[in-house]
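The structure appears right after this line, and notes come after that.
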Amino acid sequence: MAVRWAMRLVGAVLIAFVILTGVYGQFAAPTMGEGGVAMTQGDTADRYLVADTFATDCVFTGKDGGEVRLGTQPLGRSFLKGTTFSPPGVAGTLTCDRELRVMSGGAAKLAQVAEHEFLVAFPGVLLIAIAQVVGPRRERKTRRS
């Protein structure tokens with residue numbers, strides 16, 4: 001019985017992880033404004049640029065004059081979709097042609113995992129389904145006269 005509840009719990013956690021990460025990315029992550037995001041020398045923390053309904057072009061311009069171009073594809077039917085940007089470690093500014101939500105640090109790493117929603121949520125659904133179907137065998141009681 002405890003195993004069945006553990007399977008249900010793990011399955012629910014996997015599904016909730018995908019849903020909550022997607023909701024945070026779409027609605028609660030900080031927005032990159034007109035000025036972009038300034039990055040300091042030595043900053044190599046990944047940034048996850050959350051996609052929305054339109055394609056977006058972004059440019060990282062370093063203080064040394066170097067440029068890195070990237071962009072996001074439209075969200076489509078995905079729950080969470082975006083582009084990971086790993087800064088080159090030089091000071092500079094990341095700007096985009098539209099406002100985007102940007103996740104950084106641990107949230108960026110979680111978003112990279114949650115982006116593969118089917119691969120994360122499907123085992124959760126499978127665990128819950130198995131826990132519902134498979135259970136302890138109960139012996140039938142027979143009536144003796």
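Under the salt bridge (charged side-chain N to carboxylate O under 4.0 Å, His left out) criterion, the residue pairs touching residues 55-69 are E67-R69, with sequence neighbours excluded. Listed by first and then second residue, the side-chain hydrogen bond (donor to acceptor under 3.5 Å, both in side chains) pairs that reach into residues 8-22 are R8-Q132, sequence neighbours excluded. Within the structure, disulfide bond (SG atoms under 2.5 Å apart) pairs that include any residue of residues 49-80 comprise C58-C96 (at least two apart or interchain). Sorted by first and then second residue, the salt bridge (charged side-chain N to carboxylate O under 4.0 Å, His left out) pairs involving residues 101-127 (not counting sequence neighbours) are D46-K109.
With rounding to the nearest 0.5 angstrom, the CD1 atom of I130 is 5.0 Å from the CE atom of M7.
Panel note: side chain T83, backbone G71; a donor-acceptor pair is recorded below 3.5 Å.
A search for side chain to side chain contact (heavy atoms under 4.5 Å, CB included) contacts involving F122 returns F118, L126, not counting sequence neighbours. With sequence neighbours excluded, the residues forming a side-chain hydrogen bond (donor to acceptor under 3.5 Å, both in side chains) with Q112 are T84, listed by chain and number. Listed by chain and residue number, P74 satisfy the side chain to side chain contact (heavy atoms under 4.5 Å, CB included) test with A55 (two or more places apart in sequence, or in another chain). With sequence neighbours excluded, the residues forming a side-chain hydrogen bond (donor to acceptor under 3.5 Å, both in side chains) with D52 are R98, listed by chain and number. By the side chain to side chain contact (heavy atoms under 4.5 Å, CB included) test, V10 is found to be paired with L14, L127, residues two or more places apart in sequence or in another chain being considered.
I15 and L20 fall into different hydrophobic clusters, where Ile, Leu, Val, Met, Phe, Trp and Tyr side chains are chained together by heavy-atom contacts under 4.5 Å. F17 is connected to F27 through a chain of hydrophobic side-chain contacts under 4.5 Å among Ile, Leu, Val, Met, Phe, Trp and Tyr, so both are in one cluster. Hydrophobic clustering, with ILVMFWY side chains joined whenever heavy atoms are under 4.5 angstrom apart, groups I19 together with V125.
In this structure, L80 shares a hydrophobic cluster with Y24, Y48, V50, M103, the cluster being traced through Ile, Leu, Val, Met, Phe, Trp and Tyr side chains under 4.5 angstrom apart. Clustering of Ile, Leu, Val, Met, Phe, Trp and Tyr by side-chain heavy atoms under 4.5 Å joins V102 with M32, V37, M39, L49, F60, V68, L70, F85, V90, L94, L100.
The minimum heavy-atom distance between A91 and Q41, with the atom names listed, is N-OE1, 3.5 Å.
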